[in-house]
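Only one structure is covered here, and it is reproduced in the block below.
Values below: every heavy atom of this structure, side chains too, minus hydrogens, waters and symmetry copies. Proteins come first, then strands; the chains are lettered A, B, ... in the order of their sequence lines, and each starts at number 1. All values derive from a computational prediction rather than experimental measurement.
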2 protein chains.
Amino acid sequence: MKPINLKKLAQELDLSVATVSRALNDRYDISQATKDRVRALANKLNYEPNPYASSLRRQKSKTIGVVIPEVANHFFSLAINGIEEVARSNNYHVLIYLTHEDYQRELAMARLLASGRVDGLLVSVASESADFAHLEFLRERGIPIVFFDRVYDEMPTAKVTTDDFESGYKATRHLLEAGCRHILHLAVSQNLSIGRRRMEGYVQALADAGRPYEESLVLLARETKQQDVIQIQQLLEAHPEVDGIFASVESQAMSSYEACRNLGRSIPGDIKIIGFSNLEIAALLDPPLTTITQPAYSIGKEAAKILFLAISKNRVISPTQSLVLKSELVVRASTLPAPQAARPAYTLT
Amino acid sequence: MKPINLKKLAQELDLSVATVSRALNDRYDISQATKDRVRALANKLNYEPNPYASSLRRQKSKTIGVVIPEVANHFFSLAINGIEEVARSNNYHVLIYLTHEDYQRELAMARLLASGRVDGLLVSVASESADFAHLEFLRERGIPIVFFDRVYDEMPTAKVTTDDFESGYKATRHLLEAGCRHILHLAVSQNLSIGRRRMEGYVQALADAGRPYEESLVLLARETKQQDVIQIQQLLEAHPEVDGIFASVESQAMSSYEACRNLGRSIPGDIKIIGFSNLEIAALLDPPLTTITQPAYSIGKEAAKILFLAISKNRVISPTQSLVLKSELVVRASTLPAPQAARPAYTLT
DNA sequence: TTGTAAGCGTTATCAA
DNA sequence: TTGATAACGCTTACAA
């Protein structure tokens, strides 16, 4: 069954297509009587306007795009929740694109979005991406872009991030205060500014504590989780002095748990671990994981709000609209300082 | 800067719009020479066709919709991964709609999708939904629908599910074999066939073991996680005989852990727990959680494949294309039978 | 092999 | 207050 269109409604009502269109759009120049008649029939026949005809004519897609590295990740799925919420309340639709951290895919997606498919874009860039001409191109085409979390610093637009330097600093200082002397940093790609900032926080905290920064104690994520685990194990064996791990990526904290388990190192007895994470169940891990938790839902929501402000006002987004939200340090047993408390009773909070 | 369109290309090349269009679509009736000329300029100017004009004319949106209850849930985010993979390889775009288990939202979304916005739909219905007229309506409008996991049984289309009866049975029998006598079932809404099937498996396993089915030992999920925890605690206090929990919903297993912890019940000493879950870190929980794990990525992928078969062949989907994939029982410490092994050494696998 | 023109369904402009 | 008509950018008969 073909969908109803304006023409059919118009025929049925013995009105012109234009009048029907205006009635449905509640224009001032149509009489209440006809509006009522038109709406009644439209409802009865379940008329729904063809979005593409409308988009073509209005040059508005009523759609935004969300480009993220990954969706099977609590941070991004919470962010999507926030984004979807705002989009829905603006009667917008959401197209999802996953880059899987692959620059080529990000490039291909940018191409596809260049011709009006979306009215705006929320982007968290792939860690592989070093060149951003594809995003510049979209901006030149007039598509507003708001970055969140993994931002492309140089573009003069709004970015919603967290206090990554402070978080890296806090995390490292927390480990130092818990008695760690040799802290392994499982870092985010240094292509990304969040990676560099967290790293800077780490380095600064070490310096402030009079501890040396050792390049050999920094690892980047590999392709697969299994490779991460192996990589961490090898480093822990080569550097038995390591007594703390700061994971800047959620999955790396989990890999660290596995590596420690495989090597028979106790947490937090032998090694203390802190990780960036949005997993609700961090508290249920063995041992409960101390986390830096980002306000992922809010990040998505605020980024979307900024985007819709630009879309609705038809204005360029200014970098001054950028937002830096605060992450939270949630201390749990994986960084417990006292050796005698290495295995807290299960019934403790 | 306005995007380039066919007209501009045509002017520049001194060709007609039609010829340019045909050249770009690689039609047989255009000479290689012009094809080359056209493509060269299109590339140079970064021409990208307007998708909505094309959709309008071809009556094809090159877009599918995914309607799911929630994205911040490992099962669904893995399924999306599978879906996105297949969509991308078919050069399709993916619109995401989250119902948050709310029937009204599902209804509103169905309306929006009724007029050609998508060429097909992948749906996992909200647990609140009892009436499915909105989905029937979409089908009548000629939009192919494939259900996955949370299916609407009565519609004659393909459904991709897992062996829910068997899984419910296996989970319950596993608890019984581990020595449980009174098993609490944290069930999925009985509106949903997966809810009913898992329940039937639970009931059958009890019957086969000569155990009675007690209605009071079945709970449904509440609005919030906190409510779930409280509800479970209350039941455990009212029914101190409960020594096993079968959670048909991932989050309910976590709530059970919290409830047990709050009440000082040891797992698996006092209470053994098994849960449907796609969390990779089930093994890192305290204690590691025994799970029924669904092949979420494959479910998404297979459902999408069926949908694209229908879209590309322009054929109706037959219920006979339905697929039932197998879930896996992964035994871990949360259901360890022997009391002396209630707290396995940390270094054990 | 290429051009002309119609049409997809909607909205905007102008006239009545 | 309503109607006729053009236009959004693309594809496709049909003509040349």
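Regarding A:Leu15, its CG atom lies at a distance of 15 Å from the P atom of C:dT10, rounded to whole Å. Rounding to whole angstrom units, CG of residue A:Asn5 and P of C:dC8 are separated by 9 Å. The interatomic distance linking A:Leu13 (CG) with D:dG3 (P) rounds to 10 Å, in whole Å. Between the CG atom of B:Leu24 and the P atom of D:dG9 there is a distance of 16 Å, rounded to whole Å. To the nearest angstrom, C1' of C:dG3 lies 12 Å from CG of B:Asp14. The separation between A:Tyr52 atom OH and D:dA7 atom P is 26 Å, rounded to whole Å. The interatomic distance linking B:Asp26 (CG) with D:dC10 (C1') rounds to 17 Å, in whole Å. Rounded to whole angstrom, the span from the NZ atom of B:Lys7 across to the C1' atom of C:dT4 amounts to 15 Å.
The phosphate of D:dT2 (OP1 or OP2) has no side-chain N or O of A:Ser16 nearer than 4.0 angstrom. Within the 4.0 Å cut-off from OP1 or OP2 of D:dA7, not a single side-chain nitrogen or oxygen of A:Gln59 is found.
Residue B:Asn50 has its side chain nearest to D:dG9 when only C:dG3, D:dG9, C:dG9 are considered. Among the nucleotides D:dG3, D:dG9, C:dT2, the one closest to the side chain of B:Leu56 is D:dG9.
For B:Arg150 and B:Glu101, the salt-bridge test passes: some basic side-chain N is under 4.0 Å from an acidic carboxylate O. Look at B:Glu302 and B:Lys305 and you find a salt bridge, because one of the NZ, NE, NH1 or NH2 atoms lies within 4.0 Å of a carboxylate O, short of that distance. A salt bridge does not link A:Arg58 to A:Asp119: none of the charged nitrogens lies less than 4.0 Å from a carboxylate oxygen.
Looking at heavy-atom distances under 4.0 Å, B:Ser55 makes no contact with the nucleic acid at all. Using a 4.0 Å heavy-atom criterion, one finds that B:Thr34 contacts the sugar-phosphate atoms exclusively.
If you find the closest nucleotide of DNA chain C to B:Ser115 and to B:Ser31, the one lying nearer the 5' end belongs to B:Ser31.
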**Request:** List the protein contact pattern of nucleotides 11-16 of chain C with one symbol per nucleotide (5' to 3'): B for base contact, S for sugar-phosphate-only contact, - for none; contact means a heavy-atom distance under 4.0 Å.
**Result:** BBBB--
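Here the shortest heavy-atom pairing between A:Phe308 and A:Val86 reads CD1-CG1, 3.6 Å. When every heavy atom of B:Ser124 is checked against every heavy atom of B:Asp149, the shortest pair comes out as OG-CB, 3.9 Å.
No side-chain heavy atom of A:Lys8 sits less than 4.5 Å from a side-chain heavy atom of A:Tyr47.
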**Asked** For A:Asn81 and A:Glu85, what are the C-alpha separation, side-chain angles and deciding distance, and is it a side chain to side chain donor-acceptor pair (under 3.5 Å)?
**Response** CA-CA 6 Å; A:Asn81 262 343; A:Glu85 191 67 33; over 6 Å; no
